[in-house]
Number of protein chains: 2
Amino acid sequence: MENKKGNITIYDVAREAGVSMATVSRVVNGNPNVKPATRKKVLDVIQQLGYRPNAVARGLASKKTTTVGVVIPDISNPFNAELTRGIEDIATMYHYNIILCNSDLKPLRELQLIETLLEKQVDGLLFLGSAITEEHRSIFNATPVPVVLAATHDEKNEIPYVNVDNIEAAKTATSVLISEGHKRIGFIGIQLTNSIQGYPRYLGYKKALEQHQLPFDETLIEIGNGRYQSGYEAMKKLLEKDPSISAVFAATDEMAVGAIHAIQDFGRSVPDDVSVMGCNNIPIASQVRPLLSTVSVPLYDIGAVAMRLLTKYMNNEEVETDQVILQFDLELRDSTRIKEWHEGAF
Amino acid sequence: MENKKGNITIYDVAREAGVSMATVSRVVNGNPNVKPATRKKVLDVIQQLGYRPNAVARGLASKKTTTVGVVIPDISNPFNAELTRGIEDIATMYHYNIILCNSDLKPLRELQLIETLLEKQVDGLLFLGSAITEEHRSIFNATPVPVVLAATHDEKNEIPYVNVDNIEAAKTATSVLISEGHKRIGFIGIQLTNSIQGYPRYLGYKKALEQHQLPFDETLIEIGNGRYQSGYEAMKKLLEKDPSISAVFAATDEMAVGAIHAIQDFGRSVPDDVSVMGCNNIPIASQVRPLLSTVSVPLYDIGAVAMRLLTKYMNNEEVETDQVILQFDLELRDSTRIKEWHEGAF
DNA sequence: CTGTTAGCGCTTTCAC
DNA sequence: GTGAAAGCGCTAACAG
């Protein structure tokens, strides 16, 4: 019955059930063109033999692997974990498996991973990371395997993507702070070379300032790597440079929480002395005191929609738009003083 | 050159290079028995044609996929993310790819996923989740594919695993609290049916009490699901039941942080009024005020060691022990008053 | 409804 | 060093 090796194949089942391989294949694949009696007999033999279809052989013969590759910077970052969760759920729903690969945002490694995934004959590819380069684009364009970018974009609009408008998100966040009456608003950003949470959010911050005729001051800017500790350090520097700073917008929640703690450790209170806005709305935003006001980016949805879009491409379904921009939301909690805000309300 | 479809195969390369498929296969696989000149010629053609080996065909022919399956409860839980990170890193190091599957801790789904992974002909399987049942065991025993459990164990010691001693971890955590002089120490646990972070940590808590002749009191026990919110709720109940409670041990850091906030929202101070101990030492433990004292469980290492162990099995290497117990550490920060602790030091 | 027969693209003896 | 040929286990026409 169960054998430690020498796997039993579709051929064994066929022989044992007294039918052809084709019939067994039909039964296994739920093809309706099988007489119920035959089906039952085959099913019994399968059960009895403990037959398990070989997906690799199937993949070779059918040219489909029901597997999608996902390239992701770092799974231990809650931002990506949330995205992945959305991807996973939809993938499961559509019966796809996922090969997950960490790129650490290293361009060379990204390219290698994409190669490997393509070698593995994935039916589709989801790419999360920074904006894609010419090299990515040339691989993506050369392969028949559909690709969707999640929480990333393609400047040339050649590759489909799902994202939010990061400039607008940052602009809104900053505007909230401005509407509280702050004049000197700090910004804790991510390297401007990062074209997702980096540059666009910097730009949004700047735009908000401009729109409200506030001067842009380099000394109010600090750059971190998106994680907690860097936010803490950045805020410390800001506080040292200008102890009178009364508001700060951090490009990520983790950095915002770091900033909150830096402010508190500095002997100041949030939001009484300093207001703090984050961005993304990952779990930690509501696991801190005071609760972090932040821009709610639909991470889960970005992942889910990207995966859904990919399934459409994989099935050659009609697709309206290749570029999907999801709406973000404002989550005003306790690290800012304002509790309501409308575009152009002040 | 690059064609949108009609993939070029090893045969095309062979023809173009004027050699046999076998030779192409040899150079692709780094087999030394190829004349340098031939090798170069083949390599050139590969380059020129943009040939990409088909891993599925290779897998079928060689019966190896260089892929391992990982069954994990929920990637968005930092506990698992950290484990996965360790797995990923070692897998990359040994050139394995990873198929990640979320089980949500649902037994039926777990079993299905294992089936699917086995169908995909993974070379090895990593299982993270709750303790395994007879059903898991029978599948694992029947397959020639090596399996390693990470942060889980097998009561029957039939399946290899990598874990820490959770009873001891909880006992130590509780002992720290006891040594601070607390008499009524609360416990926020996970469902006792969870045989990893649930029952063993409950047991450890109880054992510490016994060892120090402290009475065990049901009213000091609350059960959560391991996540932040449940820890918050649990602590609130504890505070309501016994406002004089002066210490609490939570089975997970997230719950511990929830507890801290519940205590603070209740108008009490940590650790002046109530000491809080967590367990696991996930990032949030050092992203909260006061910094959480906790048991440092080497999550990354558990994943890494489990993966390393699996590679040994996959290569039929000699393995000393099938069961690996890693050491935990005490991370005494600011949510407890004690700053040093030694076994039997009081 | 069922069976026959080609492959899918590659690895792997076994010869030469 | 290199090539010929036999599969790996399954699907997918095509017949019947």
Side-chain angles (χ1 to χ4, degrees), chain A residues 3 5-43 45-46 49-67 116 118-123 144-145, chain B residues 3 5-43 45-46 49-67 116 118-123 144-145:
Chain A
N3 47 352
K5 47 190 315 119
N7 264 302
I8 60 169
T9 73
I10 198 172
Y11 175 77
D12 299 320
V13 177
R15 181 169 34 69
E16 207 66 20
V19 299
S20 72
M21 285 164 54
T23 299
V24 178
S25 176
R26 288 191 187 96
V27 171
V28 169
N29 293 296
N31 184 318
N33 294 119
V34 182
K35 189 164 33 158
T38 314
R39 178 184 305 280
K40 179 169 179 351
K41 187 168 55 183
V42 172
L43 250 18
V45 174
I46 286 178
L49 257 41
Y51 166 68
R52 179 156 39 219
N54 181 326
V56 173
R58 177 185 296 184
L60 184 58
S62 69
K63 297 179 166 305
K64 284 203 186 69
T65 55
T66 58
T67 302
T116 306
L118 256 18
E119 285 183 7
K120 296 230 182 222
Q121 312 299 121
V122 292
D123 293 341
V145 175
Chain B
N3 46 351
K5 49 190 311 119
N7 264 301
I8 61 167
T9 73
I10 198 172
Y11 176 77
D12 300 320
V13 177
R15 182 170 34 70
E16 207 66 22
V19 297
S20 72
M21 285 165 55
T23 299
V24 178
S25 175
R26 287 190 186 97
V27 339
V28 168
N29 293 295
N31 183 319
N33 293 118
V34 182
K35 192 165 28 159
T38 315
R39 177 183 308 280
K40 179 169 180 353
K41 187 170 56 185
V42 172
L43 251 16
V45 174
I46 285 178
L49 257 43
Y51 166 67
R52 180 157 40 219
N54 181 326
V56 173
R58 178 183 295 184
L60 183 57
S62 69
K63 297 182 165 304
K64 285 202 186 67
T65 55
T66 59
T67 301
T116 306
L118 257 16
E119 285 183 6
K120 296 231 181 219
Q121 313 299 118
V122 292
D123 292 340
V145 176

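We use all heavy atoms of the structure for the numbers below, so side chains are in, but hydrogens, waters and symmetry mates are not. Lettering of chains follows the sequences in order, A, B, ..., and the numbering in each one begins at 1.
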query = Does A:I46 reach the side chain of A:L43, with side-chain heavy atoms less than 4.5 Å apart?
reply = yes
Show every donor-acceptor pair shorter than 3.5 Å between a side-chain atom in residues 25-34 of chain A and any protein atom, with sequence neighbours excluded, or say none if there are none.
unit_1	atom_1	unit_2	atom_2	d
A:S25	OG	A:N29	ND2	3.3
A:N29	ND2	A:S25	O	2.8
A:N31	OD1	A:N33	N	2.8

Nearest atoms (heavy-atom pairs only) where A:S20 meets A:A14 = C-CB, 3.7 Å
inquiry  = Nearest whole Å is fine: how far is D:dT2 C1' from B:K41 NZ?
reply    = 11 Å
ask   = Using a cut-off of 4.0 Å between protein heavy atoms and nucleotide atoms, how would you tag nucleotides 3-13 of chain C 5' to 3' with B, S and -?
value = BB--BBBBBB-
message = Working note: A:K120 + A:T67, criterion side chain to side chain contact (heavy atoms under 4.5 Å, CB included); need CA distance, chi angles, decisive distance, verdict.
response = CA-CA 9 Å; A:K120 296 230 182 222; A:T67 302; over 6 Å; no
ask   = So how far off straight is the helix from C:dC1-D:dG16 to C:dC16-D:dG1, going by the axes through five pairs at either end, to 10°?
value = 30°
ask   = Between B:T23 and B:T38, does a side chain to side chain contact (heavy atoms under 4.5 Å, CB included) hold up when you go through it step by step?
value = CA-CA 9 Å; B:T23 299; B:T38 315; 3.9 Å; yes
request  = For the pair A:K63 (side chain) and A:Q121 (backbone), establish whether a donor and an acceptor sit closer than 3.5 Å, ignoring hydrogens and angles.
outcome  = no
ask   = Taking CD from B:Q121 and P from D:dG9, how many angstroms apart are they, rounded to a whole number?
value = 9 Å
Heavy-atom check, side chain of B:V145 versus side chain of B:L118, under 4.5 Å = yes
request  = Supply the atom-to-atom distance B:R58 CZ to A:L60 CG, rounded to the nearest 0.5 angstrom.
outcome  = 13.0 Å
